[in-house]
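Note sheet for the following structure.
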Number of protein chains: 2
Amino acid sequence: MSKIRVLLVDDHQLLRDGLAAMLSNIEHITVVGSAGSGEEAVNMAQEKVPDVILMDIMMGGMTGIEATRWIKEQNANIKVIIISQEVNQGLIGEGIKSGIEGYLPKDVDKTTLVNAINKVNAGEKFFSESITKIIFDSYYQQETGEQKSKAKNKDLTKREMEVLKEVATGKTNQEVADTLFISIKTVETHKSHILDKLGLKNTAELVKYAIKNEIIEL
Amino acid sequence: MSKIRVLLVDDHQLLRDGLAAMLSNIEHITVVGSAGSGEEAVNMAQEKVPDVILMDIMMGGMTGIEATRWIKEQNANIKVIIISQEVNQGLIGEGIKSGIEGYLPKDVDKTTLVNAINKVNAGEKFFSESITKIIFDSYYQQETGEQKSKAKNKDLTKREMEVLKEVATGKTNQEVADTLFISIKTVETHKSHILDKLGLKNTAELVKYAIKNEIIEL
DNA sequence: TTACATGTAAGGGTTTACCCCTAGCCTACT
DNA sequence: AGTAGGCTAGGGGTAAACCCTTACATGTAA
């Protein structure tokens, strides 16, 4: 029985080294390499041909999702487990579309991690409980015909993007109205549509979204 | 020669386990425990009496800085190395005031980490190059005397920091009140003081401030 | 002991945000 | 001509946020 060949991808070397050291204690797993970026990961996947890749989703440059797409194009047999610091609905959807086999939050324990590697290597999928719930919820939403959420979700109109930008920089509705030369009522309408489309709850989440998606700068 | 007793503090169990596994290969270092929060860290520091603590600065609940203050009050002999995702001027300043012995970015390599533990245990300070530069810059700024605004501005109390953290994550005043088991009126008072002290105008700016200063994560 | 800082909380009022609905106008595409 | 999507904006209501002031208990530093 040959060992499971694992490739680690994370832009934090500390976490990579740690994972490597941790997995070195597991007999049936061998770490064949570690990459510090998505680009490096794509190259190493081709070179080392691992069975399973543990991939961070948030990296400087190419994201884990993008890297996964490239890798899967080259070799669809390589299994990818995404590791993310926060459970994110949008990213999970993206990841699943890219064909990932597993998705784990960064606070998983060692046994769960090893378990996930085993399962995925055996051809199964592995998603933690919280992730599974999100997937089912999302699936349920699609089935109940809330296609708006999917189709319209990330497609903000030009004007909505402008409003989002202004609001996220800290302006009140009235100030946004003055800036864009429209009524406060229009701003409210746009804002309501934005929160609706993005599935956000309030201004605080909106600001975080704007920063995360580089709509505004810090 | 006795081993260096190390305590790990980070709210990501994966990183904790990884660090533990990594350091287990180093002969003269032994990991005596790991804590998932600042509160836990304070207790474990008292219980296990480590030589060196590797402490994440960003955690749910108490920050690494706050935990350090508590620990140092109990036992000033315990050395603390702060590990931070991003290099941040304000936090370094806070950390130094709290008496930390080292400050490392999360992307340090293994040898640097071990080196830092050795140095700090031997009574020296250890700061990476980039950190050193910031310290010198900051020192220079202090000498040039533009510090009044900063001194008053950035001194939020412990409780205010907690409120800030909760608000910035997107909670309403009522939700913050429920979380911290205080009245919504108290939350409003704190929030008003926070906005006043930081010279901010509203929640949006507050969120940006919180992200900029690594009080919350994206 | 006085004085200051901190954390707590309330009253009472003003402002802003959010929600739901309607609806006219324009443009582009079929 | 008809339809759809996007931008505009109002009415009317509820909820939440914000402002200012006061107050009391607890520490701690002057």
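Naming convention: chains lettered A, B, ... in sequence-line order (proteins, then strands); numbering from 1 in each chain.
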| Does E175(B) pair with K201(A) as a salt bridge, N-O distance under 4.0 Å? | yes
| query | Quick one: which of dC18(C), dG7(C), dA10(C) gets closest to the side chain of K185(B)? | reply | dA10(C)
| task | Look at E188(A) together with K185(A) and state whether they make a salt bridge at an N to O cut-off of under 4.0 Å. | result | yes
| field | Side chain of S183(B) (C-beta onward), nearest among dT8(C), dA10(C), dG6(D) | value | dA10(C)
| request: Measure from the side chain of N173(B), starting at C-beta and using heavy atoms only, and say which of dC18(D), dA9(C), dA9(D) lies closest. | output: dC18(D)
| Does E160(B) come within less than 4.0 Å of K191(B), counting only side-chain N to carboxylate O? | no
| said: Please pick, from dC7(D), dT8(C), dG12(D), the nucleotide with the shortest atom-to-atom distance to any side-chain atom of R159(A). | reply: dC7(D)
| message | Without decimals, in angstroms, what is the distance between Q174(B) CD and dT14(D) C1'? | response | 16 Å
| remark: Between CD1 of I184(A) and P of dC19(C) the distance, given in whole Å, is 15 Å
| message | Expressed as a whole number of angstroms, how long is the span from M161(B):CE to dT6(C):P? | response | 14 Å
| Counting just side-chain N and O atoms, does H190(B) come under 4.0 Å of either OP1 or OP2 of dG7(C)? | no
| said: Nearest whole Å is fine: how far is dG27(D) P from K158(B) NZ? | reply: 13 Å
| request: Using atom CD of E160(B) as one end and atom C1' of dT8(C) as the other, report the distance to the nearest whole Å. | output: 12 Å
| task | Calculate the interatomic distance between K197(B) atom NZ and dG7(C) atom C1'; express it in whole Å. | result | 11 Å
| Counting N and O atoms only, with roles assigned by atom type, does the side chain of E124(A) sit under 3.5 Å from a partner on the main chain of V120(A), one being a donor and the other an acceptor? | no
| Among the nucleotides dG10(D), dG6(D), dG7(C), which one has an atom lying closest to any side-chain atom of T157(B)? | dG7(C)
| said: Measuring from the side chain of T203(B) (C-beta onward, heavy atoms only), which nucleotide among dT8(D), dC18(D), dG12(D) has the closest atom? | reply: dC18(D)
| note | Quick note, K191(A) side chain, CB onward, closest among dA17(C), dC18(D), dG6(D) is dA17(C)
| remark: Closest to the 5' end of DNA chain C, once I182(B) and E188(B) are matched to their nearest nucleotides, is I182(B)
| task | May I ask you to verify if any side-chain N or O of T186(B) is less than 4.0 angstrom from the OP1 or OP2 atom of dT8(C)? | result | no
| message | Between the side chains of K72(A) and E101(A), is the shortest nitrogen-to-carboxylate-oxygen separation below 4.0 Å, so that they form an ion pair? | response | yes
| request: Taking only the side-chain heavy atoms of N202(A) (C-beta and beyond), determine which of dG7(C), dC7(D), dC18(C) contains the nearest atom. | output: dC18(C)
| Whole angstrom value for the distance that separates C1' of dC7(D) from NE2 of H193(A) | 10 Å
| task | Return the value, rounded to whole Å, for the distance between atom NZ of K201(B) and atom P of dC19(D). | result | 11 Å
